[in-house]
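Just so it is clear, the values below take in all heavy atoms, side chains as well, and ignore hydrogens, waters and symmetry mates.
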Amino acid sequence: MTDNKNAQWTIPALIATGLGLGMSLLLLWEYLAPGAASGLCATGGGCDAVRASRYAAVFGIPTPVFGIAYFAAVLIAAILRWRRLIALVAAGAAVAVGLLLLQALVIGAFCKLCLITDGCALALPVLFALARREPPLVRTARVMAIACTVAVAAGPVLAAVMARGEEVASAGEMVAKLPPVVAREQVPGKVTIVEFIDFQCPYCRKLYAELQDILPAYGDKVRVVRHNAPLPFHEHAEYAARAAICAEGTGHEEAMAHALFTADSLAPPIALSLAKGLGMEADVMALCIPSEKTTAALKTDLEEAKAAGIEGLPTFYIGHQKFIGVQPPEVVRAAIDRALERR
């Protein structure tokens with residue numbers, strides 16, 4: 001005879017499974033197209049740190065794929081009333097604990113989407129244990145259909161909400177008083193775009209490509225100034241920043257920045273070969289990059305970024321308008337036009 005009191009836990013168990021599947025799908029989207037979920041995962045934050053770590057893939061397969069496979073397996077096992085379902089979700093919970101410890105103790109950062117996914121995995125053993133005396137298969141199948149709908153819809157719906165949030169934020173923030181590091185870069189009669197960047201950051205690279213398309217139309221009316229803020233979890237970001245600093249004053253600044261933003265890899269040997277390809281002396285660069293002078297310049301950049309309250313990358317100013325993250329081209333053009341009117 002069915003225990004209806006216990007059976008009521010079937011629905012939350014299935015919804016948690018569906019939510020876990022939806023979050024895994026959204027995570028895979030974020031891994032394949034960085035920035036897709038940036039409304040929840042701030043650029044340069046924990047999500048970026050986890051995705052940039054060596055644990056973001058297993059045997060070349062993005063880790064969210066395993067989450068999708070796991071939650072899908074739980075759904076199928078629940079539909080078929082598999083006797084070892086509890087063992088399956090218990091194993092999944094153990095993996096979730098391991099992933100949480102990995103983020104806390106090894107990577108040193110937490111991905112918000114991962115936390116939701118792992119939370120669902122941790123809840124499943126308890127929920128399915130409470131729902132161990134399930135209602136008839138027909139009712140289970142009906143509830144499963146609802147759960148599957150939640151799973152499929154969770155990713156797109158959340159993405160739509162996040163996209164809406166990104167759209168609202170894209171107007172930028174008008175700043176009455178510019179941070180000193182931004183204020184000193186302003187030049188009379190021109191619009192100055194001041195960027196805080198990391199050459200390995202995928203969002204910074206997107207912004208660079210976007211500006212390359214936008215700025216030629218403005219000629220010398222607009223100038224770009226970059227300040228280095230390499231993120232510690234990007235393996236070669238600091239070395240690239242040092243290379244960019246060493247290119248300053250050589251006449252190769254922009255060419256070096258372009259090479260660093262567009263290179264497939266920023267490993268030290270490649271960074272040196274980029275400099276050599278631009279006509280710079282590799283031996284001089286090799287000495288300059290680790291020098292105390294370069295270290296001091298990078299330290300100044302980092303301290304000024306911190307003093308300016310930079311929390312995510314890229315952060316950039318167009319006149320008195322502050323932006324965080326890649327913006328639609330029309331938003332950037334409107335900000336430049338607005339700043340030109342106020343010169």
Distance col, row C120:SG vs Y70:OH, nearest 0.5 angstrom, shows 10.0 Å
Sorted by chain and number, sequence neighbours left out, salt bridge (Lys or Arg N to Asp or Glu O under 4.0 Å) with E248 holds for none
Discussion item. For L100 and L122: C-alpha separation, side-chain torsions, deciding distance, then whether side-chain contact (heavy atoms from CB on, under 4.5 Å) applies.
Written reply: CA-CA 11 Å; L100 289 171; L122 289 173; 3.8 Å; yes
The side chain to side chain contact (heavy atoms under 4.5 Å, CB included) partner of P64 among L27, L113, L26, L25 is L27
For T262 and R205, the nearest pair of non-hydrogen atoms, with its separation, is C-NH1, 4.2 Å
message: Do K322 and T315 have side chains that approach each other closer than 4.5 Å (heavy atoms only, starting at C-beta)?
response: yes
Scanning both residues in full, the closest heavy-atom pair of M285 with A243 reads CE-O, 3.6 Å
Taken to the nearest 0.5 Å, the spacing of L21 CG from L75 CG works out to 6.0 Å
message = Hydrophobic clustering (ILVMFWY, side-chain heavy atoms < 4.5 Å, transitive) - are I245 and M280 grouped together?
response = no
Quiz item: So if you build clusters from Ile, Leu, Val, Met, Phe, Trp, Tyr with side-chain heavy-atom gaps below 4.5 Å, do V225 and V187 land together?
Solution: no
The reported gap from CD in E173 to CD1 in I324 (rounded to nearest 0.5 angstrom) is 7.5 Å
- Task: Might you work through the side-chain contact (heavy atoms from CB on, under 4.5 Å) test for L88 and F128, ending with a clear yes or no?
- Result: CA-CA 11 Å; L88 174 63; F128 275 113; over 6 Å; no
Are D283 and L287 packed together at the side-chain level, in the sense that at least one heavy-atom pair is separated by less than 4.5 angstrom? no
Value for CG (L298) from NE2 (H227), rounded to nearest 0.5 Å, stands at 12.5 Å
Hey, does the side chain of S24 reach the backbone of G20 with a donor-acceptor pair shorter than 3.5 angstrom? yes
On a heavy-atom basis, the closest approach of L260 and L266 is O-CD2, 3.3 Å
Rounded to the nearest 0.5 Å, the CG atom of L178 sits from the CD atom of Q186 at a distance of 5.5 Å
Worksheet item: Is the closest side-chain heavy-atom distance between I61 and F66 below 4.5 Å?
Response: yes
Q.
Test side-chain contact (heavy atoms from CB on, under 4.5 Å) on Y55 and V106; report intermediate values, then the result.
A. CA-CA 10 Å; Y55 306 101; V106 180; 3.6 Å; yes
E281 CD: over 12 foreign heavy atoms closer than 6.0 Å:
no
_Any L272 side-chain heavy atom under 4.5 Å of Y239 side chain_ = yes
Between A339 and I318 the two heavy atoms that sit nearest each other are CB-CG2, 4.3 Å
Closest non-hydrogen atoms of I86 and A129, given as atom of the first, atom of the second and distance, are CD1-N, 3.7 Å
Measure centre to centre between the rings of H236 and F199, then say whether the value is under 6.0 Å.
-> no
Note to self: With a 4.0 Å cut-off on N to O distance, would you call E238 and R242 a salt bridge?
What the structure shows: yes
Hey, are the side chains of L211 and L207 touching, using non-hydrogen atoms and a 4.5 Å cut-off? yes
Open item on the list: Contact between L99 and T63 at the side-chain level, heavy atoms closer than 4.5 Å - yes or no?
Closed with: no
Residues pairing under salt bridge (charged side-chain N to carboxylate O under 4.0 Å, His left out) where one sits in residues 254-272, two or more places apart or in two chains, turn out to be R226-E254
* Taking atom CD of E330 as the centre, does the number of heavy atoms from other residues, nucleotides or ligands within less than 6.0 Å exceed 12? -> yes
Following the transitive rule for hydrophobic clusters with a side-chain heavy-atom cut-off under 4.5 Å over Ile, Leu, Val, Met, Phe, Trp and Tyr, establish whether F316 and V224 coincide in one cluster.
-> yes
inquiry  = Any heavy-atom pair between the side chains of V89 and L127 that's under 4.5 Å?
reply    = no
What one should report as the nearest heavy-atom pair of C114 and V50 is SG-CG1, 4.4 Å
* Are there more than 12 heavy atoms of other residues, nucleotides or ligands under 6.0 Å from atom CD of Q212? -> yes
Salt bridge (charged side-chain N to carboxylate O under 4.0 Å, His left out) pairs touching residues 180-194, sequence neighbours excluded, are R184-E304
According to a hydrophobic-cluster definition based on side-chain heavy atoms being under 4.5 Å apart (Ile, Leu, Val, Met, Phe, Trp, Tyr only), do V194 and L302 belong together?
no
- Cluster question for you: counting only ILVMFWY and a side-chain heavy-atom cut-off of under 4.5 Å, with indirect links fine, are Y208 and I193 together? no
Rounded to the nearest 0.5 Å, the SG atom of C246 sits from the NZ atom of K293 at a distance of 9.0 Å
Practice item. Evaluate the side-chain proximity of V332 to F323: yes if any heavy-atom separation is below 4.5 Å, no if none is. Key: no
